[in-house]
Structures are given as C-alpha cells and as structure tokens.
Amino acid sequence: MEQYDLIVIGGGAGGLTVASGAASLGAKVALVEKSGLLGGDCLHFGCVPSKAFIQSAREVATIRAAGNYGFETKGSVDMKKVKERVKGAISHIQQHDDPERFLELGVDIYFGAAEFLDPHTILVEKEDRISGKRVVVATGSSPLIPEIDGLGDVEYHTNETVFEVDELPRRVVFIGGGPIGLELAQAFSHLGSEAIVLEQHDEILVKEDKEIREVATGLLEKDIQFVFGAEIKRVSKRDGQKVVHYVKDGEERSIEGDLLFLATGRKPGTDSLNLSAAGVETDDRGFIKVNDELRTNQSHIFAIGDVNGRYPFTHGAGMEGKLVVQNAVFGLKRNVSYNKLPWTTYTTPEIFHIGLTEEEAVEKGIEYKVYKKTLDEVDRFVADQKTEGLVKIITDPKGKILGAHAVGAGAGDWMQSVVFAMEKGSKIGALSNMVYPYPNHAAAVQQTADLYWREKLFDGVLPVISKKYVELFR
C-alpha cells in the first residue's frame, strides 16, 4: 500500500491548490479525483460556463439595443453557437488544469471514487489502497434536488445540464432565487426567453446590504418576473410543457414553461466517502464540520471549499487551500478569516460584497459611518449610459473600512481597490488619495471616499483649527 504525506480528495480549485502547494514544498502527495477530469464544478458546470453564457447573453442584449441608433435587428439566438462558446471557454481553461502539470510537480493522480476505510486509509475505485499521514477533503458540492411531487416524471435542468440546451426556450421557470438562479434567469431573458423565478421567501439577495439589495432587486425586475412567497407543491406535464403548482397567499396557482430549472441550493459531495469509517463529523445538512484551522474532529483530516458549508466560492476554496498547505505540511495552527473575503453576483449589473453590511454592524453594536455615492454622479457611467447603481462603504469612526458594497456595471472589477485597502489595513481616506485616470469606473470608489475627507474638512476638528489660525493672524 502506497504511503503519502498528504492525500487530497477532490480535484477542484481547493484541492488543486493544496496538491500543487504541498508537492512544491517537498511533500509526497496523492490527488484523488472522482470524475476523471481536473478543474472541479467551477470549470465544468459553474463559474466558467455560466460566465461564458452570461457574456453571450449580454452581447445579444447589446445588439438588440442597437435599435436606439437606427439599426434594425431581427432573428433569434442560435443556442448551438452559445453552447460552442461555453465549451470553448472550458476547453481553453482546462489546459491550466492538465494532469501533466501536476504529475511534473510530483503529484500522484488517482482517477476514481474515494472511500475511507479508516482515518488514514483511502480506497480508490474499489482497487487502489493508499494511506496518508494527513488528508484534505475538497470534494465540493452539487445541486440539491428537492423532494417535490411529480419531479421524477418531468425533465428539469440544473447548472450541470443547462449549458447543453440546443434550442432557446420560450419560457424558463426557475424554482429558487439564489445567485445561480438569478444569474441564469437574467441571461435567458437577455437571450430572448421569458424568465420567471418562484421564490419561497419575500425577497432575494438576503446576504446583501439592504440598500444594495433594494437597488439590485429593482433592476433585476426589469428582466425577470418574480413570484415571492411561492410554496411549491408539485410539478406535472401538460401538452409538452412543465407545470409548477404552488401556493401563494393561501391560493393555489400554477405556471408553465418549456424549461424548468432547479436553483434550490447545494449539497456536499460526501455521499461516497464513507466518512463514518474515518470518524469524521458532519452537520445536519451533511457538510463536514471544521474548526478555524479547517480541521475536522479528526485533527489530521481537513475539509475545504464547498464541502465544509462555509462559503461556496472558488476563490474561497483557494484561500482555504493556501492556509491548509501551511497547517497540514508544516503543522502550523493558523486560523482562517473570512472578514476580507469578497464575492460578486454576476447579474447585470453586478453586485459586489465584502465585509460587514450596515445591518450586521447594527446587530453587532458596532459604531460606524456610511459613505455612499450613486453612479449617476460618476462621469464614466454617465458617458456609458449605465448610471443605475450605488456604492456604499462602511467604516468605523476613525475611517477603518468594515465593509463595502456596490451594484453597478462591472462592480466586481472596479471595487477591487477596496479589497486591497482592507487587506493592507488602509483607511478609506487612502482610496480618495489615489490618482484615478479620468474618466474611469473606479472613480465611483474615489468619489465615495472623497465624502470622508469632506466630512473631516467641514464637520470635524479642522474647521475649528482653521478658524483659530485665521483669527490669530488677523
């Protein structure tokens, strides 16, 4: 039986980070991947294909807007062309995750399902037994399929299948209004479908700052028809259509579409791992419990990425992977912190989030200040005719940035200066003092930060000092 310093189960973003990092530091590493392809859900079913799909939809929407300049547009979208673009993006990025790269680093790769036999021994595809001093579980997550009457008799899609659609559906019905559902619902709308989202709660984007959420919801409602407070009862078929039966305000209703998409959350990729044999504890949803060192209750076994149920982001898994390399290879006890972990919802316009929301600051009893600017006050957005949006930065009384949020075209890119400032411990004033080429989108950040200095100049101690200085030399 082959012995390893470290066994990594899962060849997605987190697992690849750990495997390559540990091997580069001289550890003997085994990487086990169930699917036969490296790259994980993000590359094959999530981040990459969805963004290629969304960009295609944005370009179609731009073409349709050409009527404002006298162009006549007609015709319908060829979904096979969209599918080609999606597959092309996957294929190009797949080259970075070529197994040869990791083999050259000294990583032994095993393709097949992994199963714990005991806390240190892994059985791969019922054939190979390998043993590791330490183990990292990075098996990600997959779409959660809810128990809905009639669902087994109706064709439905998730992010794992929807990018294979060959014809543009007339109407798409989404069950669930999470980020994945919102991004794809709007994309289908831009491509020319009617998009309806059935959401059991009374609002969407519940993790976002309230003001940002309200602005974003208003903008999304231009492209998506929302049905809030919808309790799904069953699904059925009628004349080739998928029919969703639900209750709203005590009244039974139904809606039909020719494509049904389930956006009802995620489940951890632990079904085949036999975690009980390793003595690894999970929560009531099946996600692996970890402490702040990302260790399970078995101190030599770590869990990173979606499978630990903390933050389901590729960049979050990568961040956790870097920390686990230090803890697993060098035996350190570094704690993970998510205080500066940003995320973006890739709707149009994008929604950016880092740190505390205003509601969280209130809930925690933290003294804070808010600085915000609407995009119709920023020259580049005016020139682009993309003035719908808002920037909001939350600080403590001394200007330390506690959180920053935005909704606007490309917000996930031009808000990165705030991420850097928070990482380096810079105050909001530093964002104002930077020089921004005119006119660019990041000026939205600068103008928001300018409000901090304006407050200091006109409402703080400086006016008092200035007044005394002037009086002194009269």
Can you tell me how far the [atom1] atom of [X] sits from the [atom2] atom of [Y], to the nearest 0.5 Å?
X: Thr264; Y: Leu262; atom1: OG1; atom2: CG; value: 5.0 Å
X: Arg295; Y: Asn308; atom1: CZ; atom2: CG; value: 14.5 Å
X: Thr374; Y: Gln447; atom1: OG1; atom2: CD; value: 9.5 Å
X: Glu455; Y: Lys369; atom1: CD; atom2: NZ; value: 4.0 Å
X: Lys400; Y: Ile428; atom1: NZ; atom2: CD1; value: 14.0 Å
X: Asn433; Y: Trp453; atom1: CG; atom2: CH2; value: 6.0 Å

Indicate yes or no: at least one non-hydrogen side-chain atom of [X] is less than 4.5 angstrom from one of [Y].
X: Asp258; Y: Arg171; result: yes
X: Phe45; Y: Thr158; result: no
X: Val391; Y: Val378; result: no
X: Leu198; Y: Lys248; result: no
X: Glu360; Y: Thr357; result: yes
X: Glu59; Y: Gln55; result: yes

Quiz item: For Glu214, what residues pass the salt bridge (charged side-chain N to carboxylate O under 4.0 Å, His left out) criterion, not counting sequence neighbours?
Solution: Lys210

Quiz item: With sequence neighbours excluded, what pairs up with Lys372 under the salt bridge (charged side-chain N to carboxylate O under 4.0 Å, His left out) test?
Solution: Glu211

[X] and [Y]: which non-hydrogen atoms are nearest, and at how many Å?
X: Val86; Y: Ala52; value: CA-CB, 3.9 Å
X: Gly269; Y: Thr139; value: O-OG1, 2.7 Å
X: Ile351; Y: Thr347; value: CD1-OG1, 3.6 Å
X: Gly408; Y: Leu375; value: CA-CD1, 3.7 Å
X: Gly399; Y: Tyr452; value: CA-CE1, 3.9 Å
X: Arg310; Y: Asn291; value: NH2-O, 3.5 Å

Quiz item: Would Glu293 and Asn335 satisfy side-chain contact (heavy atoms from CB on, under 4.5 Å), going step by step from the backbone distance to the final call?
Solution: CA-CA 5 Å; Glu293 296 174 15; Asn335 289 339; 3.3 Å; yes

Is there a donor-acceptor contact under 3.5 Å from the side chain of [X] to the main chain of [Y]?
X: Ser20; Y: Leu16; value: yes
X: Ser189; Y: Ala185; value: no
X: His201; Y: Gly177; value: no
X: Asp376; Y: Thr387; value: no
X: Asp166; Y: Lys80; value: no
X: Gln241; Y: Glu256; value: no
X: Ser254; Y: Val243; value: no
X: Asp283; Y: Lys289; value: no
X: Thr345; Y: Pro179; value: no

Taking ring pair (Phe, Tyr, Trp, His ring centres under 6.0 Å) as the definition, give me every residue that meets it alongside [X], ordered by chain and number, with sequence neighbours left out.
X: Phe302; answer: none
X: Phe420; answer: none
X: Phe53; answer: Phe163, Phe188

Exercise. List the steps, then state whether ring-ring contact (aromatic ring centres under 6.0 Å, His included) holds for Phe228 with Phe226.
Key: CA-CA 6 Å; Phe228 293 108; Phe226 289 98; 5.4 Å; yes

Lys/Arg N to Asp/Glu carboxylate O, [X] vs [Y], below 4.0 Å:
X: Glu72; Y: Lys74; answer: no
X: Lys427; Y: Asp396; answer: no
X: Glu359; Y: Arg213; answer: no

Practice problem: Show your reasoning for whether side-chain contact (heavy atoms from CB on, under 4.5 Å) applies to Asp41 and Arg266. | Solution: CA-CA 12 Å; Asp41 185 83; Arg266 309 284 293 179; 3.4 Å; yes

Quiz item: Restricting to pairs with a member in residues 334-365, which pass ring pair (Phe, Tyr, Trp, His ring centres under 6.0 Å), not counting sequence neighbours?
Solution: Tyr311-Tyr338, Phe313-Trp343, Trp343-His353, His353-His405

Exercise. Apply side chain to side chain donor-acceptor pair (under 3.5 Å) to Glu358 and list each qualifying residue two or more places apart in sequence or on a separate chain.
Key: Tyr368, Lys392

Quiz item: Excluding sequence neighbours, so at least two apart, what forms side chain to side chain donor-acceptor pair (under 3.5 Å) with Glu160?
Solution: none

Practice problem: Please test Met79 against Leu191 for side-chain contact (heavy atoms from CB on, under 4.5 Å), starting from the C-alpha separation and ending with a verdict. | Solution: CA-CA 9 Å; Met79 288 298 288; Leu191 289 171; 4.1 Å; yes

Show the atom names and distances, to 0.1 Å, of all donor-acceptor pairs under 3.5 Å that link a side chain in residues 88-100 to residues at least two apart or in another chain.
from, atom 1, to, atom 2, distance (Å)
Gln94, OE1, His44, NE2, 3.2
Gln94, NE2, Leu38, O, 3.2
Asp98, OD1, Glu100, N, 2.8

Considering only distance and modelled atom types, tabulate donor-acceptor pairs under 3.5 Å from the side chains of residues 218-225, sequence neighbours left out.
from, atom 1, to, atom 2, distance (Å)
Lys222, NZ, Glu388, OE2, 2.3
Asp223, OD2, Gln186, NE2, 3.0
Asp223, OD2, His190, NE2, 3.3

Practice problem: Before giving the answer on side-chain contact (heavy atoms from CB on, under 4.5 Å), spell out for Glu231 and Gln200 the whole-Å C-alpha distance, their side-chain angles and the decisive distance to 0.1 Å. | Solution: CA-CA 5 Å; Glu231 181 184 355; Gln200 63 176 330; over 6 Å; no

Donor-acceptor list for residues 434-441 side chains, cut-off 3.5 Å, not counting sequence neighbours:
from, atom 1, to, atom 2, distance (Å)
Tyr436, OH, Leu431, O, 2.6
Tyr438, OH, Asp379, OD2, 2.5
Asn440, OD1, Ala442, N, 3.4
Asn440, OD1, Ala443, N, 3.1
His441, NE2, Asp384, OD2, 2.7

Exercise. Please name the residue in the list Val445, Asp450, Leu451 that meets the side-chain contact (heavy atoms from CB on, under 4.5 Å) test with Ser432.
Key: Asp450

Self-check item: Any residue meeting side-chain contact (heavy atoms from CB on, under 4.5 Å) with Val154, in chain and number order, not counting sequence neighbours
Solution: Val235, Lys237, Lys242, Leu260

